[in-house]
Amino acid sequence: MGTDTGAHGTGRGEPQGRALTGHDWPTTEAEAVAVQERVRAAADTMGPGPAPEEVRTVAGVDVAYADDGTLVAAAVVLETAGLTVVEESVHAGRAQFPYVPGLLAFRELPSVMAALDGLAHRPDVLVCDGYGIAHPRRAGLAVHLGVLTGIPCYGVAKTPFLFDYEQPGFDRGATSPLTIDGEQVGCALRTQDGVKPVFVSVGSGIGLPHATALTLRLAPAYRQPETTRRADRLGRARLASLT
DNA sequence: GCGACAG
DNA sequence: ATCTTGTCGC
């Protein structure tokens with residue numbers, strides 16, 4: 001199976017992990033915002049990226065929190081066909097950054113990167129919980145993750161906050177654009193008939209059409225994609241077992 | 001039981 | 001994000 005672990009890119013965007021996770025990891029909001037400007041500039045948000053048929057494995061990423069500041073990042077690699085689990089990785093740590101709206105990435109990234117480093121398999125795509133470019137500085141968690149890892153990455157969020165959208169049609173597969181100040185930053189996607197839509201936005205290395213189509217494949221039965229559901233479950237379980 | 005939806 | 005109670009419904 002997979003061999004290299006997260007240190008090298010696969011052609012498209014070179015990973016910028018060292019530059020952003022090393023000594024210059026931000027400690028203040030101002031520094032974090034400055035990092036986001038750079039991350040945004042480094043992101044590849046246009047490319048078609050891999051089509052769903054070309055995506056053999058997808059990793060879902062999620063973070064679970066405890067009261068005391070402990071957090072557990074979980075990564076679950078699924079085979080796209082059949083949605084079977086290929087590999088799992090968790091990493092327990094402490095929040096290194098306070099929760100600040102718009103800066104969630106800095107809270108979750110260190111542990112998420114550690115969890116991804118724990119994978120022997122290098123997934124073709126990453127799906128994370130939260131925003132990509134549907135973000136004030138077009139630099140949500142999915143953008144950071146895509147740039148840092150060099151793996152095509154996008155976000156699927158549950159709640160619409162800072163963008164406008166029309167309700168998509170009732171049927172599974174219906175979409176409608178998400179816009180911020182008239183600029184399209186993603187789409188609302190109905191993953192099951194009649195359930196609340198999820199909000200897909202690109203991170204880096206994959207375009208919105210492919211991200212949307214892949215999300216639909218990853219969500220055959222529930223509102224959220226299986227990647228997120230599995231990662232969420234794994235993270236919670238690990239957190240609970242931490243006692 | 002598990003998920004959607006309260007709110 | 002987390003915790004909790006409760007109702008409806010497959």
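All values derive from a computational prediction rather than experimental measurement. Naming convention: chains lettered A, B, ... in sequence-line order (proteins, then strands); numbering from 1 in each chain. Basis for what follows: all heavy atoms, side chains included, without hydrogens, waters or symmetry-related copies.
Secondary structure note: stems in DNA chain B built from 3 or more consecutive Watson-Crick or G-U wobble pairs under 3.5 Å occupy B:1-5 with C:6-10.
Between A/V125 and A/P50, some side-chain heavy-atom pair lies under the 4.5 Å cut-off.
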> What string of B, S and - do you get for nucleotides 5-10 of chain C, 5' to 3', if B is base contact, S is sugar-phosphate-only contact and - is no contact with any protein heavy atom under 4.0 Å?
Replying inline: ------

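Atoms CD and CZ, on A/E29 and A/F97 in that order, are 6.0 Å from each other to the nearest 0.5 Å.
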If you restrict it to nitrogen or oxygen atoms, what contacts under 3.5 Å exist between nucleotides 3-7 of chain B and the protein, and what is each distance?
{"from": "B/dG3", "atom 1": "OP1", "to": "A/R229", "atom 2": "NH2", "distance (Å)": "2.8"}

Between the protein and nucleotides 1-4 of chain C, list the N/O to N/O atom pairs that are separated by less than 3.5 angstrom.
{"from": "C/dT2", "atom 1": "OP2", "to": "A/R236", "atom 2": "NH2", "distance (Å)": "3.4"}

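Taking atom P on both nucleotides, B/dC5 is separated from C/dT4 by 22 Å, rounded to a whole Å.
Within the 3.5 Å criterion, the main-chain N or O of A/G169 finds a donor-acceptor partner in the side chain of A/R190.
At a cut-off of 3.5 Å, with distance as the only test, no side-chain donor of A/Y99 or A/E108 sits close to an acceptor on the other residue. For the residue pair A/T179/A/E183, the side-chain donor-acceptor check at 3.5 Å is not satisfied. A/S204 and A/Y154 share no side-chain donor-acceptor pair at under 3.5 Å.
Using a 4.0 Å cut-off between charged side-chain N and carboxylate O, A/E226 and A/R217 make no salt bridge. Using a 4.0 Å cut-off between charged nitrogen and carboxylate oxygen, A/D62 and A/R229 do not count as a salt-bridge pair.
Exactly one residue among A/T57, A/T227, A/V55, A/V76 makes a side-chain contact (heavy atoms from CB on, under 4.5 Å) with A/P123. That residue is A/T57.
Two rings, from A/Y165 and A/F199, have their centers less than 6.0 Å apart.
Listed by chain and number, the residues in a side-chain contact (heavy atoms from CB on, under 4.5 Å) with A/V33 are A/E37, A/L103, A/R137 (sequence neighbours excluded). Residues satisfying the side-chain contact (heavy atoms from CB on, under 4.5 Å) test with A/A81, not counting sequence neighbours, are none.
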